[in-house]
Novice: 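Below is a structure I'd like to ask you about.
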Amino acid sequence: MSIKKHILRRFLPFALVPPCMLFVIGMTAQAKNGEQADVQVKTELRKPHVVHRQNLRPIVYEGSGSVRRASLQTDQDDIIIRRPADADESQSPALKAVLRSEVAFVQDLKSASVLYDKNSDEVRPIASISKLMTALVVAEAKQPMDEILQIADADVDRLRHSRSRLRVGTELSRADMMHLALMSSENRAAHALGRYYPGGMPAFVRAMNDKARALGMRSTHFVEPTGLSSDNVSSPRDLVKLLKAVNHQPIIHRYTTDDRYQVAVGKGRTLVYNNTNRLVKNSDWNIRISKTGFINEAGECLVMLTRINNRDVAIVLLNSSGHYSRIGDAVRIRNLVENNGGRIVAML
């Protein structure tokens with residue numbers, strides 16, 4: 001018995017090794033199978049879900065293009081799908097009007113309805129649009145329009161060195177000076193109007209700003225009468241108020257819409273001036289007030305009070321790019337207003 005017990009103690013561990021190994025191997029295999037299953041599940045989860053779509057027949061556009069017909073290659077009936085109209089049809093008239101002016105404002109003066117609004121609250125340099133206020137102050141001062149004024153060296157532009165055909169010493173009536181300043185944007189004439197104001201230039205600039213405040217032009221400020229300074233600033237909404245004010249002055253209406261004017265400057269010399277807004281020569285337009293302007297900081301500017309569809313409409317265009325772009329913008333805006341029956345055409 002002692003010998004058997006000794007043999008059992010000696011060889012029993014070796015006898016148990018195979019079952020243990022089998023158990024361990026079984027557990028390992030099970031674990032590997034589990035990992036493979038997990039990997040397979042994860043792989044299946046990551047695999048994109050492909051949808052096999054049925055091919056559509058070629059699209060057939062019907063009628064005016066308001067609908068399109070697309071049908072599946074099945075026994076089902078064709079499907080009618082509404083679509084936007086063609087590019088020209090889908091865009092509103094306002095979207096068609098790609099204006100070159102950074103600022104555009106159009107208002108019906110009778111109803112005060114805003115018909116087009118693009119950056120109308122921005123305060124910008126207004127260049128020679130300033131001359132409308134210059135003329136308004138002169139007109140309301142009731143100074144004699146036949147009084148002779150003389151161009152002096154003080155009227156020469158030392159800021160931008162702009163050209164003028166009015167030589168120093170040229171004598172013209174106050175009426176002629178205003179005529180040239182409004183119609184042809186003559187800077188020396190505008191400066192002389194301010195210099196001959198009672199109290200001189202400081203009093204005249206003060207009168208310009210006082211009038212702006214009286215008209216409710218809260219975003220407007222003037223430092224001189226020509227507009228050559230970029231410190232002459234205003235907003236489109238303020239400029240509409242100015243247009244309404246000068247519309248009550250027949251002389252400003254006449255001078256701003258005259259297309260051509262000839263003045264005698266002495267010694268048998270005459271000068272012929274043309275309007276800087278070529279639209280005044282166009283019989284299709286009924287313009288009551290017009291003024292253009294340009295300095296680098298302001299870009300090409302145009303303000304008009306015109307009649308469209310039997311209504312007085314104010315148009316303000318500021319900082320337009322290109323010499324004729326402001327004219328093109330005015331034409332596009334008129335077409336928009338005419339084609340929309342007075343409804344709002346854009347609020348940008």
Novice: Can you see whether Arg237 engages Ser120 through a side-chain donor-acceptor pair at a distance of less than 3.5 angstrom?
Specialist: yes
Novice: Mark yes or no for whether Asp238, through its side chain, and Arg218, through its backbone, hold a donor-acceptor pair below 3.5 Å.
Specialist: yes
Novice: Which atoms form the tightest heavy-atom contact between Leu99 and Arg332, and what is the distance?
Specialist: CD2-NE, 4.1 Å
Novice: I'd like to know if Leu182 and Ile251 are part of one continuous hydrophobic network [Ile/Leu/Val/Met/Phe/Trp/Tyr, side-chain heavy atoms within less than 4.5 Å].
Specialist: yes
Novice: Run the salt-bridge test on Asp155 and Arg195 with the 4.0 Å N-O cut-off and return the result as yes or no.
Specialist: yes
Novice: Can a donor-acceptor pair be found, under 3.5 Å and without considering hydrogens, that links the side chain of Glu224 to the backbone of Ser229?
Specialist: yes
Novice: Could you tell me whether Arg206 sits above the aromatic face of Tyr197, with NZ or CZ closer than 6.0 angstrom to the six-membered ring centre and within 45 degrees of the axis?
Specialist: no
Novice: If hydrophobic clusters are built from ILVMFWY residues whose side chains come within less than 4.5 Å, do Met183 and Leu271 share one?
Specialist: yes
Novice: For the side chain of Gln107 and the backbone of Ala112, is there at least one donor-acceptor N/O pair under 3.5 Å apart?
Specialist: yes
Novice: Measure across Ser230 and Arg160 and return the closest heavy-atom pair with its distance rounded to 0.1 Å.
Specialist: N-NH2, 3.9 Å
Novice: Are Val103 and Val123 connected, step by step, through hydrophobic side chains (Ile, Leu, Val, Met, Phe, Trp, Tyr) whose heavy atoms are closer than 4.5 Å?
Specialist: no
Novice: Would you name the heavy atoms of Asn319 and Gly299 that are closest together and state the gap between them?
Specialist: OD1-CA, 3.5 Å
Novice: Please check if the side chain of Thr170 supplies one atom and the backbone of Ile151 the other of a donor-acceptor pair under 3.5 Å.
Specialist: no
Novice: Could you report the tightest heavy-atom contact between Phe105 and Val114, atom names first, then the distance?
Specialist: CE1-CG1, 3.6 Å
Novice: Between Lys211 and Glu140, does at least one N-O distance fall below 4.0 Å, as a salt bridge requires?
Specialist: yes
Novice: Does Asp210 come within less than 4.0 Å of Arg213, counting only side-chain N to carboxylate O?
Specialist: yes
Novice: With distance as the sole criterion, is a donor-acceptor pair present between the side chains of Lys291 and Ser185 under 3.5 Å?
Specialist: yes
Novice: Quick check: closest heavy atoms across Ser101 and Ser320, and the distance to 0.1 Å?
Specialist: OG-CB, 3.2 Å
Novice: What residue among Lys244, Arg311, Arg307 forms salt bridge (charged side-chain N to carboxylate O under 4.0 Å, His left out) with Asp108?
Specialist: Arg311
Novice: Is any side-chain heavy atom of Leu242 closer than 4.5 Å to one of Val303?
Specialist: no
Novice: With no hydrogens and no angle check, is any side-chain donor or acceptor of Asp157 less than 3.5 Å from a backbone partner on Ser162?
Specialist: yes
Novice: Taking C-beta and beyond as the side chain, do Cys301 and Ile126 meet within less than 4.5 Å on heavy atoms?
Specialist: no
Novice: Does Arg254 have more than 12 heavy atoms from other residues, nucleotides or ligands lying within 6.0 Å of its CZ?
Specialist: no
Novice: Around Arg158, counting heavy atoms of other residues, nucleotides and ligands shown, do more than 12 lie under 6.0 Å from its CZ?
Specialist: yes
Novice: Please report the interatomic distance CG(Asp329) to OH(Tyr324), rounded to the nearest 0.5 Å.
Specialist: 15.0 Å
Novice: Is a side-chain donor or acceptor of Arg326 paired with a backbone partner of Gly293 at a separation under 3.5 angstrom?
Specialist: yes
Novice: Does Tyr261 share a hydrophobic cluster with Ile289, counting links as ILVMFWY side-chain heavy atoms below 4.5 Å and allowing steps through other members?
Specialist: yes
Novice: Rounded to the nearest 0.5 Å, how far apart are CG of Leu243 and OG1 of Thr306?
Specialist: 11.0 Å
Novice: Is it the case that more than 12 heavy atoms not belonging to Arg269 sit under 6.0 Å from its CZ atom?
Specialist: yes
Novice: Leu317 and Trp285: same hydrophobic cluster, using ILVMFWY side-chain contacts below 4.5 Å?
Specialist: yes
Novice: For Ser184 and Glu186, indicate whether the former's side chain and the latter's backbone hold a donor-acceptor pair under 3.5 Å.
Specialist: no
Novice: Could you tell me whether the side chain of Arg260 reaches within less than 4.5 Å of the side chain of Lys281, counting heavy atoms only?
Specialist: no
Novice: Within this structure, what is the OG1-CD1 distance for the pair Thr256 and Ile287, rounded to the nearest 0.5 Å?
Specialist: 9.0 Å
Novice: Within this structure, what is the CD1-CZ distance for the pair Ile252 and Arg288, rounded to the nearest 0.5 Å?
Specialist: 12.0 Å
Novice: So, the side chain of Arg100 versus the backbone of Ser321: is there a donor-acceptor pair under 3.5 Å, distance only?
Specialist: yes
Novice: Could you measure the distance from the CG atom of Leu132 to the CE atom of Met208? Nearest 0.5 Å is fine.
Specialist: 10.0 Å
Novice: List the atom of Asn277, the atom of Asn275, and the distance in Å for their closest heavy-atom pair.
Specialist: N-OD1, 2.9 Å
Novice: With no hydrogens and no angle check, is any side-chain donor or acceptor of Tyr196 less than 3.5 Å from a backbone partner on Ile148?
Specialist: no
Novice: Against Lys131, only a single residue in Asn187, Thr292, Thr226, Asn232 fulfils side-chain hydrogen bond (donor to acceptor under 3.5 Å, both in side chains); can you say which?
Specialist: Asn187
Novice: How many angstroms lie between CE in Met133 and CG in Leu239, if you round to the nearest 0.5 Å?
Specialist: 9.0 Å
